[in-house]
Amino acid sequence: MRNLIIAFALMFSAVTFAQMSFSINDLDLNNPMNSEANIGWFMTDDIMVSLEMTDWDDFNVGARYYTGFCDNMFIQATTVSDLDVDGEREYSISAAAGWTKELGIWKLQFEPMVVLDDIQDFTPRLAWGLRFNL
């Protein structure tokens, strides 16, 4: 029980003092409401945990590690949870690798990346995102 309290205190302190981040990925300029958006917390300077929800049944939880290699390169893994038509939950894991580039406008950043939507179905695609850190 003591270890659980210590772990909870460490997680709470990391969330309390961490930097918050918002992101929009694959921005659809014709229909912006179809774009993917997520909210993230920097647990340390190098690790960010993010959450994306389309509704209460479909959500993504991801973790991103900034390597410091090649000017802010990152590697990201995301668990995708979807509720299918039969009411059964389906899970998949996606991965991404890319760079975070400062745009010089407030704290807005541009993120080009290579994405695998499902690591079992190896079909990489190019994507991009905009991130805003608070």
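Only this structure's heavy atoms are used, side chains among them; waters, hydrogens and symmetry mates stay out.
Taking 4.5 Å as the limit, every side-chain heavy atom of Ile47 sits out of range of all side-chain heavy atoms of Phe42. Side-chain atoms of Met48 and Ser21, non-hydrogen and from C-beta on, do get closer than 4.5 Å to each other. A heavy-atom distance below 4.5 Å is not found between the side chains of Ser94 and Leu116. Here the side chains of Arg125 and Thr123 are not in contact, with every heavy-atom distance at 4.5 Å or above. Counting heavy atoms from C-beta on, the side chains of Thr78 and Val61 never come closer than 4.5 Å. Here the side chains of Met43 and Gln19 are not in contact, with every heavy-atom distance at 4.5 Å or above. A heavy-atom distance below 4.5 Å is not found between the side chains of Ile75 and Met113.
Remark: Arg131 does not engage Glu102 in a salt bridge, criterion side-chain N to carboxylate O under 4.0 Å.
No donor-acceptor pair closer than 3.5 Å links the side chain of Thr79 to the backbone N or O of Ile93. Side chain of Arg89 to main chain of Asp57: a donor-acceptor pair is present (N/O by atom type, distance under 3.5 Å, no hydrogens or angles). Judged by distance alone, the side chain of Asp58 and the main-chain N or O of Leu83 form a donor-acceptor pair under 3.5 Å. No donor-acceptor pair closer than 3.5 Å links the side chain of Gln109 to the backbone N or O of Leu130. Checked by atom type and distance alone, the side chain of Asp86 never pairs as donor or acceptor with a backbone atom of Glu88 at under 3.5 Å. Asp82 places no side-chain N or O within donor-acceptor distance of the main-chain N or O of Asp84, the cut-off being under 3.5 Å.
Taking every heavy atom of both residues into account, Val114 and Pro124 meet most closely at CG1-CB, 4.1 Å. The two residues Thr100 and Phe74 have their closest heavy-atom pair at OG1-CD2, 3.6 Å. The minimum heavy-atom distance between Phe132 and Leu108, with the atom names listed, is CD1-N, 4.2 Å. Closest heavy-atom contact between Ile39 and Met20: CD1-CE, 2.8 Å.
Note that OG of Ser23 and CD of Glu36 are 9.0 Å apart. Values are rounded to the nearest 0.5 Å. To the nearest 0.5 Å, the span separating CG on Asn25 from CG on Asn38 amounts to 5.5 Å.
Cluster annotation: Trp41 is not connected to Tyr65 through the hydrophobic network of ILVMFWY side chains, with a link wherever side-chain heavy atoms come within less than 4.5 Å. Val115 and Ile119 end up in different hydrophobic clusters when Ile, Leu, Val, Met, Phe, Trp and Tyr side chains are linked at under 4.5 Å.
Identified under the ring pair (Phe, Tyr, Trp, His ring centres under 6.0 Å) test for residues 76-128, with sequence neighbours left out: none.
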Please lay out, stage by stage, how Val80 and Glu52 fare under the test side-chain contact (heavy atoms from CB on, under 4.5 Å).
CA-CA 9 Å; Val80 179; Glu52 174 185 335; over 6 Å; no

